[in-house]
Amino acid sequence: MSVTAVAPERYNHRTAEPKWQAWWTENRCFEATEDASRPKYYVLEMFPYPSGRIHMGHVRNYTMGDVIARFRRAAGYNVLHPMGWDAFGMPAENAAIERGIHPKGWTYDNIASMKAQLKNMGLAIDWSREIATCDPSYYRHEQAMFIDFMKAGLVERRVSLVNWDPVDMTVLANEQVIDGKGWRSGAPVEKRELAQWFLKITAFAPDLLSALDGLTTWPDKVRLMQKNWIGRSEGMRFTFELEDEAGAVLPEGLTVYTTRHDTIFGATFCAVSADHPLVKERAIQDAELETFRKDVAALGTSEENIERAEKKGYALGIYARHPFDASKRLPVYAANFVLMGYGEGAIFGCPGHDQRDWDFATKYNLPILPVVTPKGVAAILGDKPFLEKDGEEAVLVNSDFLNGMTVPAAKNEVARRMEAAGMGTRKVNFRLRDWGVSRQRYWGCPIPIIHCEVCGIVPVPKKELPVELPEDVKFDKPGNPLLHHPTWRHVNCPQCGGKATRETDTFDTFIDSSWYYARFCSPKADVPVDAAAAKYWMGVDQYIGGVEHAILHLLYSRFYARAMGVTGHLEMDEPFKALFTQGMVIHETFRTPEGEWVLPSDAVQKDGVWVYVVTGEALEVGGVEKMSKSKKNVVDPDTFIETYGADTARWFMLSDTPPERDIEWTSAGAEASWRFVQRIWRLVNDAATHATGNHAATDLRRATHKVIAAVTDDLENLRFNRAIARIYELSNALQAGLAAKDSAVREAADALVLLMAPMMPHLAEECWAVLGHSTTVVDTPWPK
RNA sequence: GCGGGCGUGGCGGAAUGGUAGACGCAACGGACUUAAAAUCCGUUUUUCGCAAGGAAGUGCGGGUUCGAGUCCCGCCGCCCGCACCA
């Protein structure tokens with residue numbers, strides 16, 4: 001039986017979608033203005049790098065944000081939903097090197113084409129607030145703030161051992177080194193000594209850590225990752241007296257950091273980093289030690305090296321006097337496992353209760369002394385160090401005045417005695433390092449500094465900002481084009497007027513994205529952030545993006561908000577009130593028998609077997625993996641939207657799979673979404689022929705209101721897949737209601753359209769008109 | 001090694017400690033059609049049974065509870081993050 005008397009025409013997204021997109025733009029539906037009479041809602045997705053084309057990951061991310069924006073708008077909020085471009089970065093420069101295109105032209109062309117693609121998605125974005133970080137009107141404020149940060153003592157220039165990416169020929173921050181390799185290039189990172197600009201993120205370490213507790217609407221996983229990254233530990237810093245082979249006291253002491261000062265009587269050696277001053281100084285006289293230092297440096301920091309590396313040491317021929325037992329002296333080694341960058345770059349080794357120290361002691365035949373044991377158990381020397389488990393009661397033995405004490409009590413006692421004797425102090429240490437922000441690249445924000453031979457480091461006067469990137473640069477040799485520019489770097493010193501040179505390093509692009517969320521509040525202001533606008537809009541009520549930014553971008557942004565607070569640019573601490581990290585878009589992979597990757601669009605299923613359309617040969621179906629160009633398992637959003645419409649793409653992205661998990665793109669699933677679009681169209685057209693109901697408590701009416709409540713709750717909690725399941729239920733109920741001539745048919749159809757509107761806004765508008773409304777969905781309140 | 005998460009039909013996945021498998025996909029049967037597509041009506045955890053109906057069932061083994069997919073303990077498997085951090 002046919003549901004409709006006269007079959008309606010098929011829904012045509014090709015006419016409907018551009019029509020409504022134009023209508024929203026003309027009527028400025030999504031342009032936000034401050035309005036104190038309404039509650040505000042700021043929803044933001046991590047802005048894209050303008051690579052040239054959007055991918056399905058963007059579609060998923062921006063669809064989620066859009067659903068939230070449209071839902072909150074309908075629910076009565078004054079919504080801010082802006083978009084911009086994270087436009088500085090290496091790919092633009094690589095395009096310049098490889099194809100001779102200027103990074104600026106390349107970037108802006110990409111922005112234009114990606115903007116058109118995003119518009120085709122029908123996003124409810126306030127395009128009047130669009131920003132690009134490579135625009136001088138944006139980065140001049142970044143430069144001004146850097147100078148303010150300097151004045152506030154949040155900037156340092158120091159020579160330090162840095163991570164050098166030999167492929168990208170630039171320095172990387174610690175956060176940007178993954179498994180000992182550059183996060184972009186994948187090349188093994190080398191260590192180099194360079195003069196670098198640092199932002200003092202460590203100044204905020206305690207606050208960045210403790211404030212995590214308040215971010216209750218962030219994923220626990222992300223909070224935990226940040227907590228581990230910041231890495232707070234409570235311990236002691238104290239100094240050993242040193243003596244030489246003959247027992248004569250040396251002028252210098254050896255300061256170590258430890259969290260296990262309770263095990264001081266188990267100490268049998270000391271170890272210092274190969275980069276420790278004590279070692280460097282002796283290596284001048286000692287060729288063998290210098291060789292050792294080089295070997296350690298050559299080993300690098302990559303994961304595989306660390307795993308394979310044996311503990312190696314070099315006895316320095318000096319000894320540390322035990323602080324509480326004059327009869328003991330501990331040989332001091334230079335050791336490859338001690339990091340100069342953490343603590344004091346020096347430790348005492350207690351092999352009985354530390355795996356690493358155990359390995360070292362075993363190798364060099366150093367004594368192993370058990371000093372901690374479970375309560376009521378005699379200390380024994382097993383075949384591995386004894387490490388008490390969480391909550392396990394352990395007591396000190398073989399430890400003089402500590403004997404019988406619990407671990408915490410013994411720590412306390414050692415700290416008390418050392419502090420009383422002036423040997424050391426309790427100290428909280430953080431793993432977090434300051435953020436090195438100098439990059440030896442062209443396509444980034446110039447660091448607004450002038451180096452004067454007379455005056456030293458001089459900030460560019462604010463009235464001369466922005467320091468603009470010169471456009472006439474050449475990419476004909478490796479390294480930084482700014483360094484090779486004939487004139488740009490040569491300037492007069494703003495202070496003495498003498499000859500000086502500009503800083504040619506540019507900022508790490510993560511700086512650009514560390515404050516853009518605040519700039520969106522007042523994108524055209526002539527200060528970085530207009531205070532009144534920020535007071536109204538900040539913080540971001542819902543931030544959405546990939547979990548890959550759990551540390552880098554999110555930690556930097558949290559730091560920036562604080563630094564901007566100190567310098568009076570922004571009055572708030574936490575930029576993102578709620579965070580949601582969405583999963584990836586994954587897809588099957590296909591290979592020819594020769595091992596060539598094949599695009600999904602070139603694979604067809606014939607009699608249950610996947611076949612390559614070009615050659616007709618059977619394809620090997622590989623794993624379901626993240627969409628990537630290298631494996632060619634990509635589906636082009638543009639082509640899909642052209643064929644099936646934006647609403648179909650949006651609907652599919654939200655269906656079935658919970659938003660935080662990886663979603664598998666399948667053509668069958670996508671087509672099913674398309675069929676649902678047509679089904680809604682038929683149902684609504686059919687419902688439109690029915691009379692308005694009489695508010696009787698029919699089955700359909702009950703079902704409708706149950707679904708309204710459920711969908712509202714689901715969308716408030718970002719459970720898009722469940723909201724969609726409810727909408728399917730309502731469409732099933734409506735279909736049954738139509739057959740049963742239920743009097744609530746019109747009411748149900750209206751609700752169906754309004755509930756699906758955040759996900760399928762174009763279809764909703766068309767359906768709303770079919771149902772005889774003279775208003776638009778975008779201006780209709782959320783149903784209750 | 002340390003830290004965290006997850007194991008439910010053929011698949012994606014539902015389920016404030018209260019009828020396990022909502023909703024979707026796929027598959028199968030039927031209607032419509034010259035035919036196909038689309039659409040519509042059904043079936044679809046496993047198992048026994050012609051049926052009515054019964055039994056088992058949320059990785060494995062225990063426990064708490066009137067009641068456990070959900071809470072607790074111990075395993076097994078997979079995934080993610082950090083990693084010589086003193």
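Here is the naming used below: chain letters follow the sequence lines, and residue numbers restart at 1 for every chain.
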Determine which nucleotide pairs with [N], using a 3.5 Å limit on both distances of a Watson-Crick or G-U wobble pair.
N: rU58(B); answer: none
N: rC84(B); answer: none
N: rC6(B); answer: rG77(B)

Closer than 4.0 Å, any side-chain N/O of [X] to the OP1 or OP2 of [N]?
X: R356(A); N: rC85(B); answer: yes
X: Q355(A); N: rC2(B); answer: no
X: Q735(A); N: rC40(B); answer: yes

From C-beta outward on [X], which listed nucleotide comes closest to its side chain: [options]?
X: R431(A); options: rA14(B), rC82(B), rG4(B); value: rC82(B)
X: L224(A); options: rC82(B), rG4(B), rG13(B); value: rG4(B)
X: R682(A); options: rC85(B), rU39(B), rG4(B); value: rU39(B)
X: R10(A); options: rA83(B), rA38(B), rC84(B); value: rA38(B)

F337(A) or M225(A): which one's nearest nucleotide on RNA chain B is closer to the 5' end?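 This one resolves to M225(A).
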If you find the nucleotide of RNA chain B closest to I347(A) and the one closest to E664(A), which residue's nucleotide is nearer the 5' end?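 With I347(A) and E664(A) compared, the 5'-side residue is E664(A).
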State which residues pass side chain to side chain contact (heavy atoms under 4.5 Å, CB included) with R329(A); sequence neighbours excluded, sorted by chain then number.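 R329(A): side chain to side chain contact (heavy atoms under 4.5 Å, CB included) contacts with E243(A), E245(A), Y319(A).
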Side chain to side chain contact (heavy atoms under 4.5 Å, CB included) partners of A733(A), counting only residues at least two apart: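 Result, side chain to side chain contact (heavy atoms under 4.5 Å, CB included) vs A733(A): L700(A), A703(A).
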If the condition is ring-ring contact (aromatic ring centres under 6.0 Å, His included), which residues does [X] pass it with, not counting sequence neighbours?
X: H705(A); answer: none
X: F576(A); answer: Y517(A), Y543(A)
X: H690(A); answer: none

Syn/anti label of rG4(B) as read from its glycosidic torsion, with the cut at 90° from 0: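 Glycosidic conformation of rG4(B): anti.
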Rounded to the nearest angstrom, tell me the gap between atom CD in E671(A) and atom P in rU39(B).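 Value for this atom pair: 11 Å.
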Heavy atoms of other groups near K626(A) NZ, more than 12 under 6.0 Å: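 No, because the 6.0 Å sphere around NZ of K626(A) holds 12 heavy atoms or fewer from other groups.
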Sequence neighbours left out, cut at 3.5 Å: what donor-acceptor pairs do the side chains of residues 657-666 of chain A make with other protein atoms?
from, atom 1, to, atom 2, distance (Å)
D662(A), OD1, M584(A), N, 2.9
T666(A), OG1, G669(A), N, 3.0

According to the interplanar angle, ranging from 0 to 90°, do the rings of W681(A) and Y11(A) count as parallel (below 30°), tilted (30 to 60°) or perpendicular (above 60°)?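 If you compare the ring of W681(A) with that of Y11(A), the planes turn out tilted.
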Taking atom types as they are modelled, is there a donor-acceptor pair under 3.5 Å from the base of rC84(B) to the side chain of K311(A)?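 Side chain to base: pair present.
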Considering every strand and a 4.0 Å limit on heavy-atom distances, what is the contact class for V338(A): base, sugar-phosphate, or nothing?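 If one applies the 4.0 Å heavy-atom cut-off, V338(A) turns out to touch a base.
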Answer with base, sugar-phosphate or nothing: what part of the nucleic acid does L339(A) contact at a heavy-atom distance below 4.0 Å?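 L339(A): base contact, heavy atoms under 4.0 Å.
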Can you pull out the residues from residues 258-273 of chain A that lie within a 4.0 Å heavy-atom distance of RNA chain B?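 Close to the strand are T258(A), T259(A), R260(A).
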Hey, are the side chains of L215(A) and L579(A) touching, using non-hydrogen atoms and a 4.5 Å cut-off?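 The answer is no, as the side chains (C-beta and beyond) never meet within the 4.5 Å cut-off.
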Atom pairs, protein N/O to nucleotides 22-29 of chain B N/O, distance under 3.5 Å:
from, atom 1, to, atom 2, distance (Å)
rA22(B), O2', E729(A), OE2, 2.6
rG24(B), OP1, N732(A), ND2, 3.3

Provide the full list of salt bridge (charged side-chain N to carboxylate O under 4.0 Å, His left out) pairs with a residue in residues 702-711 of chain A, sequence neighbours left out, each pair given once.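 For residues 702-711 of chain A, and leaving out neighbouring residues, the salt bridge (charged side-chain N to carboxylate O under 4.0 Å, His left out) pairs sorted by first residue read D699(A)-R702(A).
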